[in-house]
Amino acid sequence: MSGPVLALDAPPAEKPLKNFVTSVEKDGSITFRLYAPSAKAVSVGLGSRDPIAMQRGDDGTWNAKTEALKPDLYEYYFNIDGFRSIDTGTNAPKPQRQVNTSLILVPGSILDIRNVPHGDLRLVTLHSNALESERQMYVYTPPGYTDASEPLPVLYLYHGFGDTVGSWVAQGRAPQMLDNLLAEKKIEPMIVVIPDTETDVPIAIAENFPAADRRANFYPANAEAADRELIDDLIPYMKTHYRVRNEADSRAVAGLSQGGYQALVSGLTHLDTFGWVATFSGVSTTTVPNKTVDAVLNEPEKINKALRNFTVTVGSKDQVVGKDVAGLKAALDEKKINHEYHEYPDLQHEMDVWRPSLAAFLEKVFRK
């Protein structure tokens with residue numbers, strides 16, 4: 001029989017644990033707490049703000065309190081003597097391939113779990129013939145869906161670079177937004193499929209590429225593999241296992257950042273398959289060429305006839321894909337390709353662009 005495992009720097013047992021962990025206050029402010037009595041300096045990084053210095057208390061707990069914040073889901077991390085750490089006092093790490101950030105919800109928005117009818121979220125494991133591997137995806141079905149339901153349209157929703165198949169679920173809060181928008185009758189009932197954007201095929205394993213080489217080598221190879229998986233495996237799986245409509249007008253593809261590139265590649269490559277395409281702060285062929293997409297962009301009448309909606313969004317201060325989105329928009333304007341463009345003022349490459357982008361797209365997609 002093994003004995004108890006003693007944690008290093010465990011908080012004193014005579015005080016409630018709430019004295020040592022991060023919490024959201026009634027006014028919407030956040031009190032960050034970290035028990036680290038041996039640390040010399042601690043700060044907290046909250047979203048894109050400048051780091052906030054934390055003060056050490058006599059009990060070894062470091063503290064910092066924000067002003068009242070608007071309802072939202074926030075990202076943060078601790079800098080402990082130069083080491084970046086998640087908040088080990090909470091249970092909400094950001095879904096990432098290399099986890100270094102935590103999440104905290106200030107309630108009061110569409111991201112909340114409300115007292116409304118709830119859809120079902122299922123983690124599906126399937127064999128991908130295209131990738132020759134076992135793959136996972138989330139499938140959201142709306143409240144009341146059964147195997148006897150009327151067939152529904154399907155949105156395929158891709159996450160960004162460095163994240164995981166759980167990103168749109170835990171960080172994007174897509175299930176909560178879908179439930180709440182459906183309850184408000186702002187969107188059509190739909191099934192949403194959330195695949196893993198990263199294929200991990202031998203020639204496209206993200207960790208094998210320096211950052212400087214991603215656009216030249218990683219993104220093109222991964223996008224080609226993900227497109228094959230989508231067309232050869234995911235869409236056929238949904239046809240077989242769910243009550244779905246099969247016409248292009250009832251199928252959409254969207255994504256953020258790298259997932260926005262995936263939506264662009266798959267959506268424009270298969271105009272006979274998708275009637276709706278959305279790229280949120282997406283990488284584009286401006287920096288990651290794709291011969292098929294570039295060829296289709298030279299057929300504006302074909303795109304305008306096939307797509308019911310083509311949405312492009314970006315934060316006005318996005319330094320990650322600003323060039324990509326500007327190049328895509330210029331091409332769409334020049335070739336007179338119908339599209340909706342929205343720029344979020346003063347925002348960067350962040351979820352405060354992508355969640356509202358998704359909500360706005362959901363309110364348009366599959367409308368008669």
Side-chain angles (χ1 to χ4, degrees), residues 137-138 140 153-163 165 167-168 172 174 190-199 204 215 218-235 238 248-290 292-294 296-297 303 306-315 318 320-321 324-325 327-329 331-332 337-342 349 351 353-362 364-366:
M137 63 182 180
Y138 278 100
Y140 170 92
V154 184
L155 165 63
Y156 293 85
L157 183 61
Y158 283 94
H159 65 75
F161 179 82
D163 294 333
V165 69
S167 178
W168 268 116
M190 69 185 77
I191 295 174
V192 179
V193 177
I194 304 175
D196 192 342
T197 309
E198 311 300 2
T199 60
R215 279 174 160 79
F218 169 70
Y219 285 147
N222 187 82
E224 188 276 333
D227 182 64
R228 285 190 289 110
E229 178 189 42
L230 176 61
I231 300 302
D232 296 347
D233 295 310
L234 305 190
I235 292 177
M238 294 304 297
D249 193 47
S250 297
R251 200 177 290 117
V253 60
L256 69 88
S257 194
Q258 181 192 351
Y261 182 70
Q262 193 61 51
L264 187 69
V265 169
S266 292
L268 296 191
T269 299
H270 307 284
L271 290 173
D272 57 342
T273 301
F274 298 99
W276 312 76
V277 176
T279 172
F280 313 141
S281 307
V283 175
S284 79
T285 56
T286 301
T287 65
V288 185
N290 180 287
T292 302
V293 172
D294 287 337
V296 174
L297 287 173
I303 296 176
L307 294 184
R308 289 281 305 279
N309 179 274
F310 188 175
T311 289
V312 181
T313 71
V314 70
D318 194 324
V320 178
V321 300
D324 291 270
V325 177
L328 174 61
K329 185 179 186 305
L332 298 178
I337 295 172
N338 299 333
H339 66 284
E340 291 188 26
Y341 174 78
H342 186 74
H349 202 66
M351 270 288 174
V353 172
W354 307 326
R355 283 188 292 251
S357 293
L358 175 61
F361 185 66
L362 289 173
K364 292 177 287 193
V365 72
F366 306 134

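- In terms of modelled atom types and a separation under 3.5 Å, the side chain of His342 and the main chain of Glu340 share no donor-acceptor contact.
- Put simply, the side chain of Leu230 does not reach to within 4.5 Å of the side chain of Thr273, judged on heavy atoms.
- The nearest pair of heavy atoms linking Thr313 to Ser357 is OG1-OG, 2.9 Å.
- Among all heavy-atom pairs drawn from Pro356 and Val353, the shortest one is CD-O, 3.5 Å.
- Between His339 and Phe310, the ring planes lie perpendicular to each other; the angle is over 60°, past the 30° to 60° tilted range.
- Looking only at distances, no side-chain donor or acceptor of Tyr219 sits under 3.5 Å from a matching main-chain atom of Thr287.
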Check against side-chain hydrogen bond (donor to acceptor under 3.5 Å, both in side chains), Thr285 and Asn290: CA-CA 6 Å; Thr285 56; Asn290 180 287; over 6 Å; no
Residue pair Ile303, Leu297: steps toward the side chain to side chain contact (heavy atoms under 4.5 Å, CB included) verdict: CA-CA 8 Å; Ile303 296 176; Leu297 287 173; 4.1 Å; yes
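- Considering only heavy atoms from C-beta on, Leu358 stays 4.5 Å or farther from Trp354 through its side chain.
- The minimum heavy-atom distance linking Ser250 with Phe366 is given by the pair C-CE2, 3.5 Å.
- The two atoms that bring Tyr156 and Leu234 nearest to each other are OH-O, 4.1 Å, heavy atoms only.
- Gly255 and Ala263 get closest at one heavy-atom pair: N-CB, 3.9 Å.
- Here the straight-line distance linking atom OG of Ser167 with atom CG of Leu157 works out to 9.0 Å at 0.5 Å rounding.
- Under the side-chain contact (heavy atoms from CB on, under 4.5 Å) rule, Val321 has a single partner from Thr286, Leu256, Val283, which is Val283.
- One N or O on the side chain of Thr197 and one on the backbone of His159 form a donor-acceptor pair closer than 3.5 Å.
- Val312 is listed as a side-chain neighbour of Val325, based on a closest heavy-atom distance under 4.5 Å.
- Atom-to-atom distance recorded for Thr199:OG1 and Glu229:CD is 7.5 Å, nearest 0.5 angstrom.
- Put simply, the side chain of Val314 does not reach to within 4.5 Å of the side chain of Lys329, judged on heavy atoms.
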Check against side chain to side chain contact (heavy atoms under 4.5 Å, CB included), Asp227 and His270: CA-CA 10 Å; Asp227 182 64; His270 307 284; 2.9 Å; yes
Side chain to side chain contact (heavy atoms under 4.5 Å, CB included) between Met238 and Met137, intermediate numbers included: CA-CA 11 Å; Met238 294 304 297; Met137 63 182 180; 4.0 Å; yes
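- With a 4.5 Å cut-off on side-chain heavy atoms, Leu271 and Leu307 count as touching.
- A pairwise comparison of heavy atoms in His349 and Ser281 identifies CE1-O, 3.4 Å as the closest pair.
- Distance OH/Tyr158 to CD1/Ile194: 11.5 Å, rounded to 0.5 Å.
- Considering only heavy atoms from C-beta on, Leu264 comes within 4.5 Å of Ser284 through its side chain.
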Verdict with reasoning, Val165 to Tyr138, per side chain to side chain contact (heavy atoms under 4.5 Å, CB included): CA-CA 7 Å; Val165 69; Tyr138 278 100; 4.0 Å; yes
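- For the pair Leu155/Phe361, a side-chain contact is recorded, criterion being any heavy-atom separation below 4.5 Å from C-beta on.
- Asp324 places a side-chain heavy atom less than 4.5 Å from the side chain of Arg215.
- Judged purely by atom type and a 3.5 angstrom limit, Trp276 uses its side chain to pair as donor or acceptor with the backbone of Asp249.
- Note: Ser266 OG to Glu224 CD = 10.0 Å, rounded to the nearest 0.5 Å.
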